[in-house]
Enquirer: 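Can you keep this structure in mind? I'll have questions shortly.
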Amino acid sequence: MIILGIETSCDETSAAVVRDGRVESNIVSSQRCHSAFGGVVPELASREHERLIVSITDSAVTEANITKNELDVIAATAGPGLIGAVMVGLCFAQGLAYALGKPFVPVNHIEAHIFSPFINEGETHHAPEGSFVSLTVSGGHTMLSVVAKDLTYEVIGRTLDDAAGEAFDKTGKMLGLPYPAGPEIDKLAEKGDPGFHKFPRALTSQSQTSKSYLGNFDFSFSGLKTSVLTWLQKQTPEFIELHLPDIAASIQWAIVSVLVEKTIVAARSRGIKSVSIAGGVSANSGLRKAMKEACDRNGITLYIPGTVYSTDNAAMIATLAGVKLSRGMTAERSYNISPYASFAAGGRKAGLK
Ligand code: KG4
Ligand code: ZN
């Protein structure tokens, strides 16, 4: 089965071809037009997707050595994401499916991230035999879920305010770094001291306010943002410039240590021996290293997507569409487009059937 996937939920325009579960092409174009604004401008994102979607799709099809008529299924992200941006890819994909007379499959972007560690590009990356705890961390989402063998998942925690990627981007902006600041902080942090300044860690064993942090798998990063801002206001520009790597490393550690602690406590409390991290922030080298060390200490196997599949990409959309179809889900003629994640924290089961 040959599936074309389309992804346009935020600031990456992407198309990919997956044949029998294996990636044949994955073209990703990251929009640069937002860097001057310190964040993604939704209207600009939609226009840029509109400008690129046809040529990116052509490249994906050409690189896979097929013609459009050979496609069996067209899949696209139907949310969550910036609604105008989602609609560009979705309408294009649905129009293409209609013109070619092929079935169309809408895909949930977060579900696709959850399964991105198991994308197959030659080597097979099997999902764990039993349940696994998934930490999905991106610019718009921070979610901890327990994924069962039947691929249904239970959301056990999510952010109460900012997403982890947003915490990187917004604190990085305060340091004068360009958008997206996550990768910039990552690079700077490599040369810095994470113990240089201790920024707060909400809802963890390190927080002063929460005594019942154990079993609370929600996250909160807005306090960190305020704390970085007020601390920076007390420093001179010379001091900040001199210690930029140390400050970046301290911010990164404040975010990463919370993500690692909550994920490991979740896995241990459920007796689960497999953990995965996915989404743009899973590209962070500090998170990858700290999570690997914590998993090794606890006898847990860690699953991480290749760096290209950490950030937004269409290979994960086509892959998940294939998994859904192989499990008997049929293409839908009617579905809801949503800017929001359509699942709630607190034990609700969702996902693939
Ligand atoms: O998954 P993604 O590409 O898009 C969304 O669905 O949001 O994630 C983008 C986010 C941005 O906030 C970006 O700063 C962050 O992922 N990110 C990183 C790194 N690479 C991307 N954050 C920290 N370290 C990185 N290396
Ligand atoms: Zn994403």
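Each ligand, and each atom within it, is numbered from 1 in the order the structure gives. For reference, positions follow the sequence shown, starting with 1.
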Enquirer: List the closest protein heavy-atom neighbour of atom 4 (O) of ligand 1: residue, atom name, distance to the nearest 0.1 Å.
Expert: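 I find the closest protein heavy atom is Asp312 OD2, 3.0 Å.
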Enquirer: Gly140 heavy atoms, cut-off 4.0 Å: which ligand 1 atoms fall inside?
Expert: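 It comes down to these atoms of ligand 1: 7 (O).
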Enquirer: Hey, is His113 touching ligand 1 through its side chain, its backbone, both or neither, going by heavy atoms under 4.0 Å?
Expert: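 For His113, the contact with ligand 1 is made by the side chain alone.
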Enquirer: For His109, take its heavy atoms, then give the atoms of ligand 1 lying under 4.0 Å from any of them.
Expert: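 Counting atoms of ligand 1 from 1, those under 4.0 Å from His109 are 6 (O).
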Enquirer: For Ala283, counting its heavy atoms only, list the atoms of ligand 1 lying under 4.0 Å from any of them.
Expert: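 Result: 20 (N), 26 (N).
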Enquirer: Any chance the side chains of Asn313 and Ser14 put a donor and an acceptor closer than 3.5 Å?
Expert: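 Short answer, no.
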Enquirer: Give the ring-plane orientation class for Trp231 versus Phe199, where under 30° counts as parallel, over 60° as perpendicular and anything between as tilted.
Expert: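 If you compare the ring of Trp231 with that of Phe199, the planes turn out perpendicular.
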Enquirer: Give the name of the N/O/S atom in Asp312 that lies closest to the Zn ion (ligand 2).
Expert: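 The nearest such atom is OD1.
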Enquirer: Within a distance under 4.0 Å of any heavy atom of Ser138, pick out the atoms of ligand 1 and give their elements.
Expert: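 By the 4.0 Å cutoff, the relevant atoms are 1 (O), 5 (C), 6 (O), 7 (O), 8 (O).
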Enquirer: Using a 3.5 Å cut-off on N or O atoms only, is Gly279 in polar contact with ligand 1?
Expert: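 Among all N and O atoms of Gly279, none is under 3.5 Å from an N or O of ligand 1.
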Enquirer: If we set the cut-off at 4.0 Å for heavy atoms, which region of Thr311 has an atom near ligand 1: side chain, backbone, both, or neither?
Expert: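 Both backbone and side chain.
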Enquirer: Charged N to carboxylate O below 4.0 Å: is that the case for Arg201 and Glu261?
Expert: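 Salt bridge absent between Arg201 and Glu261.
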Enquirer: Under a 4.0 Å N-O cut-off, is there an ion pair linking Glu48 with Arg51?
Expert: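 A salt bridge links Glu48 with Arg51.
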Enquirer: Can a donor-acceptor pair be found between the side chains of Asp161 and Ser220 at a distance below 3.5 Å?
Expert: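 Result is yes, a qualifying pair exists.
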Enquirer: Is it true that the side chains of Ser9 and Glu7 contain a donor and an acceptor less than 3.5 Å apart?
Expert: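 A pair is found: one side chain offers a donor N or O, the other an acceptor, under 3.5 Å apart.
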Enquirer: Should Asp169 be counted as touching ligand 1, given the test is an N or O pair under 3.5 Å?
Expert: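 N/O-N/O distance under 3.5 Å: yes.
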Enquirer: At the Zn ion (ligand 2), what is the angle formed between atom NE2 of His109 and atom NE2 of His113, rounded to the nearest 10°?
Expert: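 About 90°, to the nearest ten degrees.
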Enquirer: Counting non-hydrogen protein atoms only, what is the nearest one to atom 17 (N) of ligand 1? Give residue, atom name and distance.
Expert: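 The protein heavy atom lying closest is Gly280 O, 3.5 Å.
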Enquirer: Mind checking whether Phe239 and His243 have parallel, tilted or perpendicular rings, split at 30° and 60°?
Expert: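 Taking His243 first and then Phe239, their aromatic rings sit tilted (interplane angle of 30° to 60°).
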Enquirer: State the atoms of ligand 1, each with its element, that fall below the 4.0 Å cut-off from a heavy-atom position in Gly165.
Expert: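 Under 4.0 Å from Gly165, ligand 1 has these atoms: 12 (O).
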Enquirer: Return the option from Ser30, Gly139, Pro183, Gly182 holding the heavy atom at the smallest distance from atom 10 (C) of ligand 1.
Expert: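 Comparing heavy atoms across Ser30, Gly139, Pro183, Gly182, the nearest one to atom 10 (C) of ligand 1 lies in Gly139.
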Enquirer: Before accepting this row, confirm whether a basic side-chain N of the pair Lys262/Asp218 lies closer than 4.0 Å to the acidic partner's carboxylate O.
Expert: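 Looking at Lys262 and Asp218, the cut-off is not met.
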Enquirer: Does any N or O of ligand 1 fall below 3.5 Å from an N or O anywhere on Asp186, backbone included?
Expert: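 Right, the criterion is met.
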Enquirer: Is any side-chain N of the basic residue among Lys292 and Asp296 closer than 4.0 Å to the acidic one's carboxylate O?
Expert: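 Yes, this pair counts.
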Enquirer: Taking both backbone and side-chain atoms of Asn284, is any N or O found less than 3.5 Å from an N or O belonging to ligand 1?
Expert: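 Min N/O separation from ligand 1 is below 3.5 Å for Asn284.
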Enquirer: Hey, what's the ring geometry for Phe118 with Phe132, parallel, tilted or perpendicular (30° and 60° as the breaks)?
Expert: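 Perpendicular: the ring planes of Phe118 and Phe132 meet at over 60°.
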